[in-house]
Amino acid sequence: MCGRFTLTADANDLQQAFDLRTIPTTITARYNIAPTQPVAVIANDAPHDLTFFQWGLVPSWAKDTSIASKLINARAETLHEKPSFRSAYKRRRCLIPANGFYEWAKTPTGKKPMYIHLKDHQVFAFAGLWESWHSPDGDEIRSCTIITTTPNALIKPLHHRMAVILNPANYDLWLSGEELPPDILAPLLKPYPSDEMIAYEVSPHVNNVGNDTPDLIQPYHPPTQGMMF
DNA sequence: CCAGACGTTGTT
DNA sequence: GTCTGG
DNA sequence: CCAGACGTTGTT
DNA sequence: GTCTGG
C-alpha cells in the first residue's frame, strides 16, 4: 500500500515532468509525507497547476473530516462501486507527484522500513482521486487519496498491495475530466514494472512523522546483535 | 418508508 | 449523495 | 503508514 | 484492542 512517501524534486523538475504552467514557488523537499498532511497534487480541474490537498479523502457528504484518515488509499478494483470513491473516480482524478515511498516489511524481529524509488531517480505520479468538502462554517477542504493495486515482484515480499504509479504517457488521459468507460481507465491502474524500481532498508527514524530529513532515505545497516555471554 | 453506512490494511 | 437493510 | 492516547469535572 | 492525529 502507500502510507508514507517522499517528494524531493525541485521546482524546475516538477514543471518539466508535469507540463506545469508556471514553476511552483511553494515546493520544498519532503522526506516523510504522512496521511492528513498537505500533499502536492495536479488535479483535473487545473491540469497545469500544482496545488496542495489534504491526504485522506473527505467525501462531499461527510459530516466531518474524521473519515479522512481511513481513506488514504482506494482499491483500484472497486473504485467504480464504492460510495466514497465512485463519483471522484468519474470526475475528480489527480496526479500525486512523488520521488519514492516507504513500505514496512514484517520480519520475525519486528517491522523494518524500506524505501522504494525508480532506478532512474525520476519524479513519478501516483494515480489519485480528489474531493471538495464544505465545512459547516463554509470553509472548503480539498482532499485526495492514492489508488492501490496488486504488488509487482519487487514489492510482493513486502506487502500485498502497492500504490499505482502512472505511465507518463497516460497523464493526460487520467486528468481528463470526462466520465470515461471502465475499459479505458482500468488498464492504467496496473502495477508499475518492478525492473524499473529498487528497494532498500532505511532507518526506523522514518517511523516518526515528525522526522523529515534527507537521512531518512539513506541506506541503513542495522546493528548486528552481539552475543550475550 | 426511514436509518445507517459509506474504507483500507492486516489479522484471525 | 446514494445504496442497503429493516 | 506509525505513534500515542485512551476520562470527567472543574479550575486556571 | 482501537481510535485519532500527523
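Heavy atoms only: backbone and side chains are in, while hydrogens, waters and symmetry mates are out. None of these values were measured; they are calculated from a predicted model. Throughout, protein chains are lettered first and strands after them, A, B, ... in sequence-line order, and every chain is numbered starting at 1.
Counting non-hydrogen atoms under 4.0 angstrom, A:W104 reaches the backbone sugars and phosphates but no base. Within the 4.0 angstrom heavy-atom criterion, no nucleotide atom of any strand lies near A:S66. Using a 4.0 Å heavy-atom cutoff across all strands shown, A:F85 reaches sugar-phosphate atoms only and no base atom. As judged by a 4.0 angstrom heavy-atom cut-off over every strand, A:T65 is placed among residues making no nucleic acid contact. In this structure, A:I67 reaches neither bases nor backbone, as no heavy-atom distance under 4.0 Å exists between it and the strands shown. A:T36 comes within 4.0 angstrom of a nucleotide base, judged by non-hydrogen atoms across all strands.
D:dA3 atom P lies 11 Å from atom CG of A:N32, rounded to whole Å. For the pair A:W133 CH2 and B:dC6 P, the computed distance is 19 Å after rounding to whole Å. The separation between A:K106 atom NZ and D:dC1 atom C1' is 12 Å, rounded to whole Å. The separation between A:K63 atom NZ and B:dG7 atom P is 14 Å, rounded to whole Å. When the P atom of B:dT8 is taken as reference, atom CE of A:M162 falls 18 Å away, rounded to whole Å. Protein atom CG of A:N211 is 11 Å distant from nucleotide atom P of D:dG4, rounded to whole Å. Computed from coordinates, the A:H80 NE2 to C:dG1 P distance equals 23 Å when rounded to whole Å. A straight line from CD1 of A:I72 to P of E:dT4 spans 14 Å, rounded to a whole angstrom.
With hydrophobic clusters built from ILVMFWY side chains whose heavy atoms lie under 4.5 angstrom apart, A:L79 shares a cluster with A:W61. Residues A:L175 and A:V164 share a single hydrophobic cluster, defined by chaining ILVMFWY side chains whose heavy atoms lie under 4.5 Å apart.
Taking atom P on both D:dA3 and B:dT11, the two are 15 Å apart, rounded to the nearest angstrom. With C1' as the reference atom, E:dT2 and D:dG7 are 16 Å apart, rounded to whole Å. Spacing of P atoms, B:dG4 relative to E:dG5, comes out at 24 Å, to the nearest Å. One P atom belongs to B:dC2, the other to D:dT9, and the distance between them is 35 Å to the nearest Å. Taking the C1' atom of each, B:dC6 and E:dG6 are spaced 24 Å apart, rounded to whole Å.
In this structure, of E:dG6, B:dT8, B:dC6, it is B:dC6 that holds the atom nearest to the side chain of A:W61. When the nucleotides B:dT9, E:dG6, B:dG7 are ranked by their closest atom to the side chain of A:R75, B:dT9 comes out on top. Of all nucleotides listed (E:dG6, C:dG1, B:dT8), C:dG1 comes nearest to the side chain of A:P83. The side chain of A:K82 has B:dG7 as its nearest neighbour among B:dG7, D:dC1, B:dT11. The side chain of A:R4 sits closest to D:dC2 out of B:dG7, C:dT2, D:dC2.
In this structure, A:Y171 has its ring center closer than 6.0 angstrom to the ring center of A:F18. The distance between the ring centers of A:F126 and A:F5 falls below 6.0 angstrom.
In this structure, C:dC3 and B:dG4 make a Watson-Crick or G-U wobble pair, each of the two defining distances being under 3.5 angstrom.
Close to C:dG1, at under 4.0 Å from its OP1 or OP2, lies no side-chain N or O of A:R86. Checking the phosphate oxygens (OP1, OP2) of D:dA3, a side-chain nitrogen or oxygen of A:N207 falls inside 4.0 Å. Contact annotation: A:T78 side-chain N/O to B:dT8 OP1/OP2 distance is under 4.0 Å. Checking the phosphate oxygens (OP1, OP2) of B:dT9, a side-chain nitrogen or oxygen of A:T148 falls inside 4.0 Å.
Partner A:E179 forms a salt bridge (charged side-chain N to carboxylate O under 4.0 Å, His left out) with one of A:R91, A:R92, A:R93 and no other, that one being A:R91.
Taking every heavy atom of both residues into account, A:R161 and A:I155 meet most closely at O-CG2, 4.1 Å.
With hydrogens and angles left out, the side-chain atoms of A:S143 and A:E131 include no donor and acceptor closer than 3.5 Å.
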